[in-house]
Each structure stands twice: as C-alpha cells, then as structure tokens.
Amino acid sequence: MLPDASTLAPRIDHLLWLLIGLSGAIVLLVVALIIGFSIKYRRGSTAKRGQLPGWLARDVEIGWTAAIFFVAIFLFWFAATTETSQYEVPKDAMEVHVVAKQWMWKLEHPNGRREINALHIPVGVPVRLVMTSQDVIHSFFVPAFRIKQDVLPGRYTETWFQATRPGTYHLLCAEYCGTDHSQMTGGIVVMPRADYARWSEGTDDTGTLAQQGARLFQRLGCTGCHGNSARVRAPSLNGVYGRMQPMNDGGFRRADEQYLHDSIVRPQKDVVAGYQPVMPSYQGIASEGDIILLIAYLKSPDGGDVQ
Amino acid sequence: MSSDIALHDPFEEPARQQVAVSFGMWSFLATECLFFAGIFLFYANARWHGGEAFLNGAGESAFWFGTANTAILMTGSMAMAIAERAAKADIVRLTRWMLWAMLALGLLFLAVKGVEYRKDLHEHLFPGPDFKLDSGPAEQFWAFYWAVTAVHAVHLTIGLAATARLLWMDRHVSLHRHHSTVMASALYLHFVDIVWIALYPLLYLAGRQ
Amino acid sequence: MKEDRFSHIVLAPLKSWAAMLLLLVVTAIYAQTPYLPAKLVVNVVLAMGQIALVATFLMQLRTSRMLVRLAALAGLIWASFLFLFTFADFLTR
Amino acid sequence: MSEGIAARDLTRPDYLQYGTTVRSWLTTTDHKRIGILYAVAITFFFFLGAAAMALVRADLVTPSADLITNDQYNRAFTLHGIIMVWFFLVPSIPTTLGNFLLPMMLGTKDLAFPRLNLLSWYLFIGGGLLTLFALLAGGVDTGWTFYTPFSTLYSNSHVLLAALGVFVVGFSSIATGVNFIASTHLLRAKGLTWMRLPLFVWAMYTTSLVMVLATPVLSMSLLLVVAERAFGLPIFDPRSGGDPLLFQHLFWFYSHPAVYIMVLPAFGVVSEIITCEARRRIFGYQFMVYAMVVIAVIGFMVWGHHMFVSGQSAFASMVFSFLSFVIAVPSAIKVFNWTGTLYRGQVRFSASMLYALGFVGLFTLGGLTGLFLASVPLDVHLTDTYFVVAHFHYIMVGGSVSAFFGGLHFWWPKITGRMYSERLAQFAAVSMFFGFNFTFFPQFVMGYMGMPRRYHVYPPEFQPWHVMSSVGAVVLGFAYLWPIFYLGWSLVKGEKAPDNPHGSTSLEWQTTSPPPRENFDRLPVVDAGPYKYHPWHSTPDEVEQSHRPQLP
C-alpha cells in the first residue's frame, strides 16, 4: 500500500480508517436492512404485517436524524483539529522555492542548488515549499507525504512537510495543466542528513540565492532608484521584508513575499505612502525565477543596503 | 371586462393566467439577477484587489454620457409602464404613443452608447497592447466596462425587439386582449433599466474624486 | 378619461419617474463634489433606492401576490449567497 | 383493473396517434411528446459520451500511451465530461420523465407554458449541435471544468464553441425549470395541497428551483471565458491582477448545485418505485419533503469543498467543510426512510425495484465517501485523484443513471402502452449493478494510493487496478446496451399494456396508457395523500383504489 513517509501521514491514515470504519458500518446496516426487509416481507410471504404504532415511526426517525447529525459534527471537529496543526509552518523549516512551468518542476534550494523534476532533502527536517507558476495552475502532490497544494500563476502558495523515512517518492502534478499533464512528474529523494550534506557540498559556484539576487538587483537597475545615493525618490528597501508599510490610499500592508512579488510585477497596485506610482512594471523582464532571487536578496540581513 | 382576455391552453380563467405570466416572468428575472451577479462579483473582486489603480481606470469613464443615458433609460422605463397600464385599461392611442416613445428612447440610448464607445476607442481605452493607462487593475476596470455594457446593450436590444413586436401586434389585434404579453415585455424592460441603474454608480461615479 | 384612471395610468408612473430623476441628480452631485465621505456606500444606497422605486411602483410589486414577490426576492437572496461565501474567501486569504 | 378516469372508448386517439407526421412531432406543444423528443436526444448523447469513455478505458489498460496520444486522450475525457454532464445527466430525468409525468401527477392538461417547453427542446438541440460541432471539429482539451488561465490563455482547442454550446443549453434547463415551478404552484388539481403531492412532484419542484437559480451563474462564467479568450479582456488574466480562483468560485457555484440537479430527480423516481413495489405508504413523508428542500437550499452554500487545495483561505475551507458535513444529514434521512418503507411491506422484485434498491445501496456508498472528501485534511490527499472520480460516479452513475433506468422501466407501459419482458429486464438490472461496482470500486483504492485524475501515462504500480476497472467497464457497457434490445422489441412486438399494470394508486396510472391528448377526460379531484397502499393485514391485490376521482 502507500508508504507513510511524513509526520502528517499517520494522522491522515487514522482519520481515513476511522471514516472507513464508520462508513462501512452504515453501509452494512443499510444493505442488511434492505436485503432483510425485502426477503422477509416479499410479496406473498406469511410474515406478520400489523400496523406500525405512529409514535414508533416518528421517534425512530428523529433518533436516526439526531445520530447522523452528531456523527457529522464529530467528524467535522475531528477533521478540523487534524487540519489546524498542519496550518502552522515550523519556524526553523528549510525553504525550497518551486517554480512550476508547463510540464516541468524547477526547484531551488536556499544554497543556490537548482534541480529539475527532483528534490533532495534530508530526513527529519521540516521543509517549507514556496511555490508559484509561470503559466497555468499546477498542483504539487506527493502521495507518500499526503500533501497537495495548487500552484497558482501570479501568486505564492505554500505548504510544508517533514519526511520521516528515507527513500524516493513520487512527485505528481494533480491539477490538469495541458497536453503533457501526465508527464509532469518527478521524485522526492529523502536522504539521511550525512548523505544530504555530502550531496549539497557539490554546489556549483553560482552562490546562494541571496548572492545571485544581489547581482540581479544591480543588473536590472533597481539601485538607480532604490540605492542609498539615488536621486529619484523611491522607498529604501533595506530590511523591508516583514515590515508593515503605510499605503497611499490609507491602511497598512505587511511587506511579505506576495507584496514584494506584486510590487515588482504590478507596481501601481499598492504604492507606499508619500510616493508617486512612477515605478515601471518588470512584467516579462524579470521571470518568476529572477523574482525569487530578488526576494531572497531582500530577505537577507544586508539586503537593499547598497550605493 | 375580463371575459375578452385571450386564453392560452392549460388555463381556464384569465386571472390565473395573469398570475402565471407574471410569476413566470419574475422567475426569469431572478435568473437574470443571478446572471448579472456573476459579473458584479468580478467588479467587486477587481475593485477590492485593484485599489488605487482600479479607481484611476474608472476615472477615465465619460461621466456626462453615463448620466444622460441613465436619464434616457429611466424615461423610457416610465413610458413602458404607462403603456402597460393603458393597455390594461384598453386606451389604444395612449398605449401606441407610449410604445413608440419607449422604442425611440431605447434607440436613443443605444445611439448615445455608440458615440461613447467611439470616444473610448479613440482614447485607446480598450484593454490590449496600446491601452492608454498601465496594464493591471485599470485594464481590469475597462474589461468589466466593455463586457457589462455589451451584455446590457444586447439585453436592451432584445427588449426593444419585444416592443417592436408589440407595436406590430397592435396593428392586427387588440393589445388589451393580449395584456399579459405587454406586461411581460414591460417587466423585462424595467429589469434592463434596473441593471443600468445599478451599473451607473459602478461605472461612472467610481472614479470621481 | 375618468380622474382615478388617469392618476393610476399616467400620474403614478410620472411621480416615481420624478423621484428617480431626483435620486439620480443627488447621487451624481454627491459623487462629483470632492472630500465627501463614503462615496461608494452612499452611491450604492441611492442606487438601491432607485431600484426599489422601479420594482415596487413601475413593476407593481406592491399590488401583486405574495408568490410573485417571493420570486422577485429569490434572485437577490441567492445572489447574496454567491457574494457572501466568495468574499468569505477573498477577505480572509 | 379498475375503471380509470377515462372511459375506455376506443374512438378517442391517444397522444401517440394524435398526429403522426414528422411536422406534428417537431411542432408539438404536448408535454408528453416533448418528453419523448428529449428521450431520443439524450439517448444519442448518452451513447456518444459512453463511446468516448470506452476509448479512454481501453487506453488506460497500459501505463504508457499505446492506443491514443496525450492530446487525443485529453480531448476524449473532456468530451465525456461535457456530454455526460450537460447533455445527459442534467436533462435526463426532469426533461423526459418529468415532462411526461408532472402534468399528469398534478392532474392538469399540460404545463403552464407549453410553447416555452418546446422552445426548451430546441435550445437543447441548438446547444447540442454547437457542442457537437466543437467536438467533431477538433474537440476541447480543457476538461469539463474549463479552468482558467488554461482555458482562456494557453489552450489551443475549440473552447469558444464548446463554451457557447453549453451557454445555450443552460437556457434550455432554465426554461424547463421555470415551467415546472409555475405549473406546480398554479396548476395543481382541486384538493391537491402541497402536502398531498407525490414525492416525484416535490423532486421536480426542488430540482427546478436549483436549475433556475444556479444555471445563470454558469452562463456568466462561460461568457467571461469567451470575453477573455475572444476579445482579450483581462478578466481572469493573472498578469493584470486577475484571480483564477474567481473563475473557480463562479464555476463551482453552479457545478455543485448541478450534482443536486442530477440526484434530486432520482430521489423522486426511487420514492415512487419503492412505495408502489413494496405496497407501503412512504416512511416519514414530511421528513422526505423537508430533506429535499434543505438539500436544494444548502446545496448553494457548499461549493468550496472543490477548492480546499486551490489556494482558498483556511477560514473559507473550514466554513465549506462544516456545511458539507451538515448537508450529508438530509441524504441520510432519505436513505433511512427508503429502508423504512420496505418494513412490513409486500416487496415485489420487478426490474424497476431492483434498480431502485441498487440506487439506495450505491447512493449510500457514494454519499459516505463524500464525507471523506468533506473533511479538509483527507481532501488534501484525496482531491484530484481517482477517489474523487469514483465518488462522483457512484452518485451520478450508480445513483442517478440507475434511477433513470428504473423510472424508464416503471413508467414504460404508461408512456408507450406496451409491456417489456420482465425476465430480461431483471437480468439487465443485476448485470448493471455488478458491472458498475466492478468498474468503480477499484478506483477508490487506486485513488487513495495516489493515482491522479486525468492522467494518460501513469506509474506502473496502478496497472492492475486500471485493468480491473476497464474489464468492469466492458460489463457495464453490456448492461447499458442490453435494454435497447428488449425495450426496442417491446415497442414492436410487446403485448398491449393495461392501464395500471403495477396497481399503483398514483394519479398518472388512473388514466389510459398511453394517455389521451388531455391526459384526463375529467380533471381529477384529490381527497387524500399520495400513497394509499398501507396493506392493513391485507394481501397486495386488495389495495382499494380509493384514488378513483369523484366527479367535480
């Protein structure tokens, strides 16, 4: 059967077997009643068929309805509690950036290592996936970890898992995305920590995401306005990640990954208070991969602090 | 008085048929209400997420064209109401005049709309490569503008066709006998007017600061 | 044409037409003058007022049976389901 | 049998002999003939959709793409989806059995708007031709869900034509819905109060409510796809701030109530069959009626359970999950009441009864797997896999289609005036039950193991399950083709049907079969509730026909 290779998997299996048990009992009850009544009271049989007392019919009915309602509420509560623990992403999670493109997965480790349709991760370390798509809706589905999250164009979606057992597991695209939807698959390779350390040693010299982002920050001309010595008035980006920004039309917005992504691609949407919407859009100039590098650079400690 | 209402098949007495036509038309208008609710949801979502840029886009709309058109359609709707009541009271000349008034005002509305469309196209306000403002929420406002005004124009054209058909029927048969048809057309045109009344602030007053 | 028929057939629509035009002028002016608060809310409320006028008087909902009024209301109620639950998603994302 | 409402004078022609030219059929406003016109149209679409699925099931026997290419596979399953949902399941029971029986059960001559009824059929045929042209000209590869931005920006197939075809057929079901609601409100016979209506009429009424109030939102969402794809208006375009989830909200606001449009009529048919064949008054009539009304209303508030993993907010997912659990309660009430109706009855195992009992069993399994998908953490794992495919096929095919076949067999003598061979029909019912389970139960297991939906090439470890499912599909195919022979045979050589072969006390059985043009010679007067079978220590045939109408 399906291996349970993540911390979430056993909890999902418990819920599944609880539901299978309950449903099996109800189906058996209904089928047994139908077959039993049909045969016992078949036409022409001599079974006793007196009149049913009125109160019996009504009380049995109300009793059954209340029972089913209680079971439904209990199942909702049980499922909801399982789910809420999945919503909080552990703080120390290892961040992997995923870019889905029509019919391939591009994954980038924090230390700059890039992979296509494969993801090497250490066992026992929570991994946070920050995902976006370059074209249509895809869906990051790893059956063995029981996780699935749609990957939307123009937006970051997140999910996380913590592998508990080394091995290679299927990575599948679960949202229909065109001709080769069924070929958009890959593998998650869960390795013991020592092997993972040795594997990630062999990074080529492109440097970490933040270093690549710094070079890109210069090349795309961001320093022209956002540099410290820039003449054009633009908000300073030093340590901007996570700060609450006052907006022009009143209200505040936290400068999270989504806000930074939108400000690069659609700068007119939410302009910081006191500034004019003069920034050109980088739609089509900076690809999703480049935006990930820029954001990684701005999240690094001395991000944005450049002449 | 009610004996001379034209009866259709399953109904025995005209009062029952009157309620049936009115109830059937209102049920259809409920579906139209949900139909437009879909595109209003798009407007609400685009305006909520669009923020300032959306309102800049809305600022480009032609305020005076919109206000004039709203007044025209309201007057037409009133004319149709008078026509329907006159048909019920069998006042033939008033019914005929008011139907012609409705047709004329409806065509005037479409004409004013045509002029506005030409002005908008001239100012590159159709979403696309040469869109006047920066692409993004402003372009979304104009996507809503073109889509909803086109759908509304189609609905108004259907209403005017129904009015023309009433005028054609008027020459052959007494509209008093076919009052339920007049009532159905009147309800439909009133609904087209209601949609425009709801659209007017969203399209023309959103951008005004 | 007798007096009461004239008032029902011509005067009643004229009165509601005049009221609607008045509301139109008010909403247009309110939107144009700068620095007035809550323009969106006021515009929408005035528009709903005009719609209520058309529905009750011109479309004679006031004098029609409960069944017909229910049909008129059903459209709005179900449309509110669509808005309610969709914005339950948009606002809390 | 009892002397029905219509005196048996052979001079009066029944509705089939009323005009035999093609023109008389194509311009008829008789609700009975329009029901038959619809039956012919949806049978054609049923076998077209089934052919597409036979191709897909044959190809899925091997994990690699042997029979057809990826693109052909995508167009085949999209064809299956679009044809089966909009051109067979949504119209199946309401437009055929509903059109035929509703006026007779209400005790009236025809529906409230006969010409609107004929217009509904022409809209259906128009939409059908548009969609057929789109599918033959190259097909659509977006799936029946038309998700953006794939359907608007990236798909290079005939999305526009298919969207317009479905847009037109939407108006056909709105017209039928408005007709049914107006007729039920305004054309009930004298003495037929709301709480004396047969459950089939309640099913048609609640289905029409859902059809009328849900279809317009589908029309608008497809119109917006056409506006974006044909005219470049950036409505759902993520590059200019559009939200793909907006389309999913608009689409599922229709598409979840659509599954209740498909299953509510089946509730009505099954209630009529079980009460007549078990000779028992329905168990808990009020509970059954309120259950249907609650399903019709809350059915509009649960669509978010299709979008738990699509990036919807956690709060919205919780709200939709809770309401999806609550809506399971009315379905459970109905299943319990059908089972209760069998208690102390006189059960006869006719073919329609076998279909009805099969429905109750399969619908229970389908409904309970819905609870799996309503709980958010399980749905995260199970959605977009074959578990979901199996779930909705259990309810649509195991439930709605077998109820449609049951209703077709139960009212066949009334519609055609001919009897069919009971033995062959029972064989067809049983073979369909086993063929269906053999096809779709393996998909539950495959789905939990992580086999995604709409996959043409799949990991090899799923092959045994796919082979099992494809073999089951062959048995199911046989079970669907089999009725064509013996029902066709009954049309030609079948013996003349008596007015009331099943001894039912329902209004439509009190007139001749096939019924005359105006259904009844004298409009019936109703004085009591719908199901007067209660045997009271009596054998089945002594069920007194207290339903004989008094002269008005």
Side-chain angles (χ1 to χ4, degrees), chain B residues 8-12 15-51 53-54 57 126-129 131 133-148 150-151 154 184, chain D residues 29-31 103 106 108-116 170-171 174-175 177-179 181-183 185-187 208-209 211-224 226-228 231-237 239-243 245-247 249-251 253-254 300 518-519 523:
Chain B
H8 296 296
D9 194 2
F11 291 101
E12 264 76 30
R16 197 79 171 150
Q17 178 182 295
Q18 195 81 342
V19 170
V21 170
S22 165
F23 178 68
M25 200 58 207
W26 270 104
S27 306
F28 177 67
L29 294 186
T31 69
E32 289 276 12
C33 174
L34 274 155
F35 182 71
F36 281 98
I39 198 160
F40 281 117
L41 183 72
F42 164 54
Y43 178 87
N45 177 35
R47 180 159 180 170
W48 173 259
H49 286 291
F54 187 86
F126 191 87
F131 185 62
L133 303 166
D134 169 45
S135 83
E139 214 172 10
Q140 285 215 304
F141 171 82
W142 283 92
F144 172 76
Y145 169 84
W146 290 100
V148 81
V151 168
V154 166
Chain D
T29 56
D30 175 9
H31 64 99
L106 292 174
T108 172
K109 288 205 286 287
D110 204 320
L111 287 173
F113 312 112
R115 286 173 300 176
L116 180 66
F171 287 103
I174 289 178
V178 166
N179 226 329
I181 292 174
S183 309
H185 270 286
L186 298 164
L187 286 174
S208 306
L209 271 182
M211 264 200 285
V212 160
L213 291 169
T215 312
V217 178
L218 169 77
S219 310
M220 177 47 81
S221 52
L222 292 178
L223 197 70
L224 293 179
V226 167
E228 171 148 358
F231 302 103
L233 302 177
I235 296 166
F236 304 114
D237 183 357
R239 287 191 301 265
S240 53
D243 188 354
L245 284 187
L246 174 66
F247 174 81
H249 277 298
L250 284 173
F251 180 80
F253 180 83
Y254 162 76
F300 281 89
E518 287 80 24
N519 297 344
L523 285 188

- Note on the structure: Taken to the nearest 0.5 Å, the spacing of D/Ile235 CD1 from B/Tyr43 OH works out to 15.0 Å

- Item | chain B contact via D/Val212 - which portion, at a heavy-atom distance below 4.5 Å | both

- Interface moiety of B/Ala46 toward chain D, non-hydrogen atoms closer than 4.5 Å: neither

- Message: Just so I understand: if I count every heavy-atom pair under 4.5 Å between each of D/Leu187, D/Thr108, D/Ile174 and chain B, which residue has the most?
- Response: D/Leu187

- Note on the structure: Heavy-atom nearest pair, D/Ser240 first then B/Glu139, reads CB-OE1, 4.1 Å

- Query: B/Phe126 versus D/Leu233: any side-chain heavy-atom pair under 4.5 Å?
  - Reply: yes

- Message: Shorter than 4.5 Å, heavy atoms on both sides: which option in B/Cys33, B/Pro127, B/Ala37, B/Ala53 has the most such pairs with chain D?
- Response: B/Pro127

- Item | Any side-chain heavy-atom pair of D/Leu250 and B/Phe42 under 4.5 Å | no

- Residue D/Leu186 versus chain B: region with a heavy atom under 4.5 Å: both

- Close side-chain approach of D/Thr215 to B/Thr31, heavy-atom, < 4.5 Å: no

- Query: When only pairs under 4.5 Å are counted, which of D/Pro103, D/Gly232, D/Ala112, D/Gly177 shares the most heavy-atom pairs with chain B?
  - Reply: D/Ala112

- Below 4.5 Å from any heavy atom of chain D, which atoms of B/Ala147 appear? Answer side chain, backbone, both or neither. both

- Task: State, to 0.1 Å, how close D/Ser219 and B/Phe35 come at their nearest heavy-atom pair, and which atoms those are.
- Result: CB-CE1, 3.8 Å

- Measuring heavy-atom distances to chain B, does D/Arg115 have an atom under 4.5 Å in its side chain, in its backbone, in both, or in neither? side chain

- Return yes when atom CZ of D/Phe231 has more than 12 non-hydrogen atoms of other residues, nucleotides or ligands closer than 6.0 Å, and no otherwise. no

- Out of D/Leu111, D/Asp110, D/Leu213, D/Asn179, which one racks up the most heavy-atom pairs below 4.5 Å with chain B? D/Leu213

- Where is the tightest heavy-atom contact between D/His185 and B/Arg16, given as atom of each residue plus distance? O-NH2, 4.0 Å

- Give, as side chain, backbone, both or neither, the part of D/Pro234 having an atom under 4.5 angstrom from any heavy atom of chain B. both

- Message: Measuring only between side-chain heavy atoms, which start at C-beta, is B/Leu34 closer than 4.5 Å to D/Phe253?
- Response: yes

